[in-house]
Amino acid sequence: MKRLIALMLLALAAAPLSAQEVTATAQDQQVSPPAPAAPREAKLPQPVEKTLANGLRVIVVPKHDIPLVAATLMFKTGAEADPANRPGLAQLTANVLTKGTKTRTAEEIARGVEALGATIEASAGWDQSSIDLSVMASNFTKALVFVGDVARNATFSKEEVDLQRSQTVDSLQVALRQPRTLGSYVMSKLLFAGQPYGHPAEGTPKSLEKIKREDLVAFHKANYRPDNAVFVVAGDIEPDAVFNAAQQQFGSWARGTATKTTMTAATTAKPASPRVVVVDLPDAGQAMVVVGRQGIRRTDPNYFPAIVSNSVLGGGYSARLNQEIRIKRGLSYGSNSSFSARRNAGPFLASTQTKNESAAEVAGITLDEMARMGATDVPDTELTPRKAVLIGGFARSLETSSGIVNQVATLALNDLPLTDINRYISGVQAVNAEAVRGFAGKNFAGSDASVVIVGDAKKFIEPLRKRFPDVEVIPVSQLDLDASGIRERKAKQ
């Protein structure tokens, strides 16, 4: 009998708990997580720099925990310098840069770089063109030979130019049928009409067909020059080793003689009058809603209030736009906003892809949330986690050599002190609710923003006109991204 009772007790002990018992047990054991510690300022090794006799600025950030080196040879000229009738020139030049030099074919470059376990890529942004290198520290000097070769000796063969142009045109023809791409391009035209940032950086099919080999050669000669460049290196390498390698590869590179086409920081686009434009794309499955206005320069003293304000408004999943549009109303898979802080004032954009039928509602919500940012203080329970998102993202960017290079190169591009990389966290932390409200009141005012909606206009035009009586409707067949405006202004429709 005793044996039977013992077996029964053992069985009961081994039996699974009921759902109620599990919940009660979990509640008994649940404890509050510890309060987060105060953010600590990032402390990177102090960058060491030297300028070569030809004007090339060399910056090194030693980082010895991983045996990798990342580097960028950055030229302070990008798509902002595209000629008015040649949008896409800077990007096409960068794309062809590694496709053959005076001493190596494109295949020899690719095979040589691969044999070193390295990667070399060239690209062009709005304010800069870059040759990026990633390699094991032991092969850095050997890999730098290829960087020097493509930077100085690119030949831009007609065959490679034609091939890259054809591939880019094909890609654009597909992209320009998408509401997202059209919305971005049209908004840039509205915000920066006739200004350097007003054209598509990739160019258009028409503009790319106008670009000839001679245009690439001239752009390269004018802008790919040591006195217009910064060489940034981070990783498991000593500064003296980098300086010696840079002198060997770039020391004999002569300063440029052609006139640089870089736009200066003093060039400021006059804010355009706000407009509401619909690009009618019949049978589009969804509509793209873009709200935009001119933003800030990277050197703007309000840079930190700007990025914190944006983090609250649309800088992540728990930001206000996504909360209102996706989480509360289910009108989209995601809504976001961002500042593109460039050498000159870049755009501020808030964008959402939604059903055609809800496009007008989404545009109204976006403008209302922008206005609310400047009308009421953000509570600390909201502001603190949004600042934490920025701090966490910044910290993650410093975990790799390439992330450090990108951060330092951005400071160098904008002539900011390199020590600012160790002041980011304190800069974010210093922004309070009053600063956010003050910045938003001046920079998020909905009455100063333009609205672009690309989609099937018949499904949203009437509710849109209730809020925006002066809306302009442009059939996609009449859209002209190569014109000084979007198209000839016509009477209200």
- Aromatic ring proximity Phe444/Phe348, centre distance under 6.0 Å: yes

- Query: Given side chains that start at C-beta, do those of Pro179 and Leu281 come closer than 4.5 Å, heavy atoms only?
  - Reply: yes

- Query: Above 12 or not: heavy atoms from other molecules or residues under 6.0 Å from CG of Asp300?
  - Reply: yes

- Query: Any donor-acceptor pair under 3.5 Å linking the side chain of Lys206 with the backbone of Asp480?
  - Reply: no

- Query: Are Ser166 and Asp170 close enough, and set up right, to give a side chain to side chain contact (heavy atoms under 4.5 Å, CB included), and what steps lead you there?
  - Reply: CA-CA 6 Å; Ser166 176; Asp170 288 347; 4.1 Å; yes

- Item | Asn443 side-chain N/O to Gly295 backbone N/O, donor-acceptor pair under 3.5 Å | no

- Task: Using the side chain to side chain contact (heavy atoms under 4.5 Å, CB included) rule, pick out the option among Val452, Ile474, Val454, Ile461 that qualifies with Val278.
- Result: Ile461

- Message: Measuring from atom OG1 of Thr204 to atom CD of Glu209, what distance do you get when rounded to the nearest 0.5 angstrom?
- Response: 9.5 Å

- Please indicate whether Glu121 has more than 12 foreign heavy atoms, meaning atoms of other residues, nucleotides or ligands, lying under 6.0 Å from its CD. no

- Could you tell me whether Glu462 and Arg465 have a side-chain N and a carboxylate O separated by less than 4.0 Å? yes

- Item | Sub-4.5 Å side-chain heavy-atom contact between Leu89 and Leu216 | yes

- Message: Under the criterion salt bridge (Lys or Arg N to Asp or Glu O under 4.0 Å), I'd like the reasoning laid out for Arg423 against Asp420: C-alpha separation, chi angles, the key distance, then a yes or no.
- Response: CA-CA 5 Å; Arg423 298 173 183 164; Asp420 278 8; 3.2 Å; yes

- Task: Decide side chain to side chain contact (heavy atoms under 4.5 Å, CB included) for Ser450 and Met187; before the verdict, give the C-alpha distance in whole Å, the side-chain angles of both, and the deciding distance to 0.1 Å.
- Result: CA-CA 8 Å; Ser450 289; Met187 181 58 76; 4.0 Å; yes

- Message: To the closest 0.5 Å, what do you measure between NE2 (His199) and CG (Asp82)?
- Response: 3.5 Å

- Item | CD/Glu434: more than 12 non-hydrogen atoms of other groups inside 6.0 Å | no

- Between the side chains of Thr299 and Arg297, does any donor sit under 3.5 Å from an acceptor? no

- Query: Got a second to check how far His220's NE2 is from Leu97's CG, nearest 0.5 Å?
  - Reply: 5.5 Å

- What pair of heavy atoms forms the shortest contact from Asp236 to Val69, and how long is it? N-CG2, 4.0 Å

- Just one of Tyr424, Phe439, Phe339 clears the ring pair (Phe, Tyr, Trp, His ring centres under 6.0 Å) bar with Phe304, so which one? Tyr424

- Worked check of side chain to side chain contact (heavy atoms under 4.5 Å, CB included) between Arg298 and Tyr303: CA-CA 7 Å; Arg298 179 58 182 84; Tyr303 175 73; 3.5 Å; yes

- Can you name the closest pair of heavy atoms from Ala229 and Leu73 and give their distance? CB-CD1, 4.3 Å

- Yes or no on salt bridge (Lys or Arg N to Asp or Glu O under 4.0 Å) for Glu369 and Arg372, after CA distance, side-chain angles and deciding distance? CA-CA 5 Å; Glu369 287 302 315; Arg372 186 162 73 97; 2.8 Å; yes

- Query: Do Arg437 and Thr376 come close enough that some side-chain heavy atom pair is under 4.5 Å?
  - Reply: no

- Modelled atom types, side-chain donor and acceptor of Thr77 and Asn228, under 3.5 Å: yes

- Note on the structure: Output for pair (Gln46 CD, Asn422 CG), nearest 0.5 Å, gives 7.5 Å

- Item | Closest non-hydrogen atom pair, Glu324 against Arg329 | OE1-NH1, 2.7 Å

- Should we count NZ of Lys466 as having more than 12 external heavy atoms under 6.0 Å? no

- Evaluate the ring planes of Phe75 and Tyr224, with Trp represented by its six-membered ring, and classify them as parallel (under 30°), tilted (30 to 60°) or perpendicular (over 60°). tilted

- Message: If the threshold is 4.0 Å, N to carboxylate O, is there a salt bridge linking Lys76 and Asp415?
- Response: yes

- Message: Under a 3.5 Å cutoff, is there a donor and acceptor pairing between the side chains of Gln294 and Tyr197?
- Response: no

- Pairwise distance CG(Leu481) to CG(Leu176) - rounded to 0.5 angstrom: 6.5 Å

- Item | Stepwise side chain to side chain contact (heavy atoms under 4.5 Å, CB included) test for Met373 and Val436 | CA-CA 8 Å; Met373 288 283 297; Val436 169; 3.8 Å; yes

- Looking at Gln286 and Thr354, what are the two nearest heavy atoms and their distance? CB-O, 3.2 Å

- Are Glu382 and Arg320 side-chain neighbours, meaning at least one heavy-atom pair lies under 4.5 Å? yes

- Between CG of Asp280 and CG of Leu479, what distance do you get to the nearest 0.5 Å? 11.5 Å

